[in-house]
Amino acid sequence: MEMRVWSESIRDTIRFLSQQRESGRKFIHLDEGLLRGLKAPHFERNPQACLSPETSAPSVGQKCVGDKQAAYAQLEAEIKACVTCPHLVSFRTHVVPGVGNLDADIMFVGEAPGADEDAQAEPFVGRAGQLLNRIIKTMGLHREDVFIGNILKCRPDVDSSAGNRKPTPSEMETCIPWLWRQIDLIQPKVLVALGDTAVKGLIPELRTGITKIRGQWLQFRNIPLMPTYHPAYLLRNQTLALKRQCWEDMLAVMERAGLPISEKQRGHFLSAMS
Ligand code: URA
Ligand code: URA
């Protein structure tokens, strides 16, 4: 493409994105209609032609600005098709992009799929997942109310099918852009990082371990981030003190997300989670 046409295209694209942002739109579903719209010669004179059906004149890009569902479906399809890490691609049964409510106020981030998750294509469905479900329920929520994702979308390969291994820093760095895109799309009010890997995946420069940092608010791209223990760690270390700390972290999360907190919830952190 000629240089002048290139720079015009880039300028038009930037202008289009700025208009979208100014009109409060946060999600743009990139499809052929939109690309055609951006390339159309009349775009410069009539950028409205490329706006979504809710706004005025839908024509060139009637489908060009999709909703959150469509944008997520597209992202999920891209995640499922990812073949960047050959050793994980050959080991995996399923890619595990994430699950839950796209309008969730609270987003839980774990480490990586384990054997159960790899088999079922859903995060946190094994033993740790059952504990996470109990925690969510104790918060007065259902699994369907929140969004649950992981730093890695593929199960880290291991020699035998028993046991899991932590993702390597390089695997985390490779995979994290998917989670960034999920977070940008879902825009939760609060992020919960489950365990050390989750918090380091989101904030790689952090040097403090989870046991020191848990319970203290951090930030990820202006979103409050609460680091807490991984449910698998709580299962391995069944002490009241740890469970209580985790529940205190969840109370702080509920407060930050604007959820009601009952007296029972304030006082009770044991029976429902044990
Ligand atoms: N542990 C995780 O970190 N993620 C899962 O999805 C399951 C277990
Ligand atoms: N170490 C971890 O990796 N996770 C925890 O939750 C606690 C200790």
Side-chain angles (χ1 to χ4, degrees), residues 72 75-76 79-80 82 85 88-89 91-102 104 106-137 141-158 160-176 178-183 186 188 190-204 206 209-211 213-214 220 225-238 242-243 246 249-250 253 273:
Y72 189 78
L75 173 57
E76 192 178 60
I79 297 173
K80 285 184 182 165
C82 183
C85 308
L88 302 184
V89 172
F91 183 70
R92 75 189 180 200
T93 312
H94 290 109
V95 180
V96 185
V99 74
N101 192 329
L102 299 183
I106 303 176
M107 182 162 172
F108 290 91
V109 177
E111 179 172 310
D116 296 308
E117 291 75 23
D118 175 65
Q120 294 177 48
E122 186 169 330
F124 283 99
V125 290
R127 277 189 70 221
Q130 281 156 27
L131 177 54
L132 180 61
N133 289 348
R134 290 200 292 280
I135 293 171
I136 291 169
K137 203 169 151 209
L141 298 169
H142 300 281
R143 200 172 148 98
E144 300 73 40
D145 297 325
V146 301
F147 194 91
I148 307 174
N150 280 310
I151 300 290
L152 239 63
K153 308 306 188 202
C154 293
R155 183 180 181 209
D157 55 333
V158 282
S160 82
S161 63
N164 292 317
R165 72 160 170 86
K166 270 187 197 282
T168 65
S170 138
E171 286 167 344
M172 286 163 65
E173 198 184 320
T174 306
C175 205
I176 197 68
W178 293 130
L179 185 65
W180 292 341
R181 283 177 61 187
Q182 288 173 308
I183 295 171
I186 294 163
V190 181
L191 282 160
V192 180
L194 300 167
D196 204 50
T197 305
V199 71
K200 300 276 165 60
L202 286 165
I203 311 181
L206 195 74
I210 187 73
T211 48
I213 203 83
R214 68 135 278 280
F220 174 82
L225 166 69
M226 173 56 76
T228 195
Y229 298 120
H230 193 289
Y233 177 77
L234 295 175
L235 289 172
R236 285 196 303 273
N237 302 274
Q238 301 255 4
L242 290 180
K243 280 187 204 168
C246 176
D249 300 345
M250 293 309 100
V253 165
M273 287 171 59

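Order of listing sets the numbers, starting from 1, for every ligand and every atom in it.
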Legend entry - Passing option when Thr228 is tested against Val199, Asp249, Ile210 for side chain to side chain contact (heavy atoms under 4.5 Å, CB included): Asp249

Inset, instruction - For Gly110, counting its heavy atoms only, list the atoms of ligand 1 lying under 4.0 Å from any of them. - result: 3 (O)

Legend entry - Distance filter under 4.0 Å to Glu111 heavy atoms, resulting ligand 1 atoms: 2 (C), 3 (O)

Inset, instruction - Return the minimal non-hydrogen interatomic distance between Ala198 and Gly110, and the atom names on each side. - result: CB-O, 3.7 Å

Legend entry - ligand 1 to Ala128 polar contact by distance, N or O atoms, under 3.5 Å: no

Inset, instruction - For atom 5 (C) of ligand 1, grab the closest protein heavy atom and report residue, atom and distance to one decimal in Å. - result: Ala112 O, 3.4 Å

Legend entry - Spacing of CG belonging to Asp116 relative to CZ belonging to Phe124, to within rounding of 0.5 Å: 12.0 Å

Inset, instruction - Among all protein heavy atoms, pick the one closest to atom 1 (N) of ligand 1 and tell me residue, atom and distance. - result: His230 NE2, 3.3 Å

Legend entry - Distance-minimising heavy-atom pair for Met172 and Ile151: CG-CG2, 3.8 Å

Inset, instruction - Indicate the atoms forming the closest heavy-atom contact of Leu242 with Tyr233, along with that distance. - result: CD1-CE2, 3.7 Å

Inset, instruction - Start with the C-alpha distance between Arg92 and Asp157, add both sets of side-chain angles, then the distance that settles salt bridge (Lys or Arg N to Asp or Glu O under 4.0 Å), and finish with yes or no. - result: CA-CA 8 Å; Arg92 75 189 180 200; Asp157 55 333; over 6 Å; no

Legend entry - Top protein contact for atom 4 (N) of ligand 1, by heavy-atom distance: Asn150 OD1, 2.8 Å

Legend entry - ligand 1 atoms in contact with Pro123 (distance to a heavy atom under 4.0 Å): 6 (O)

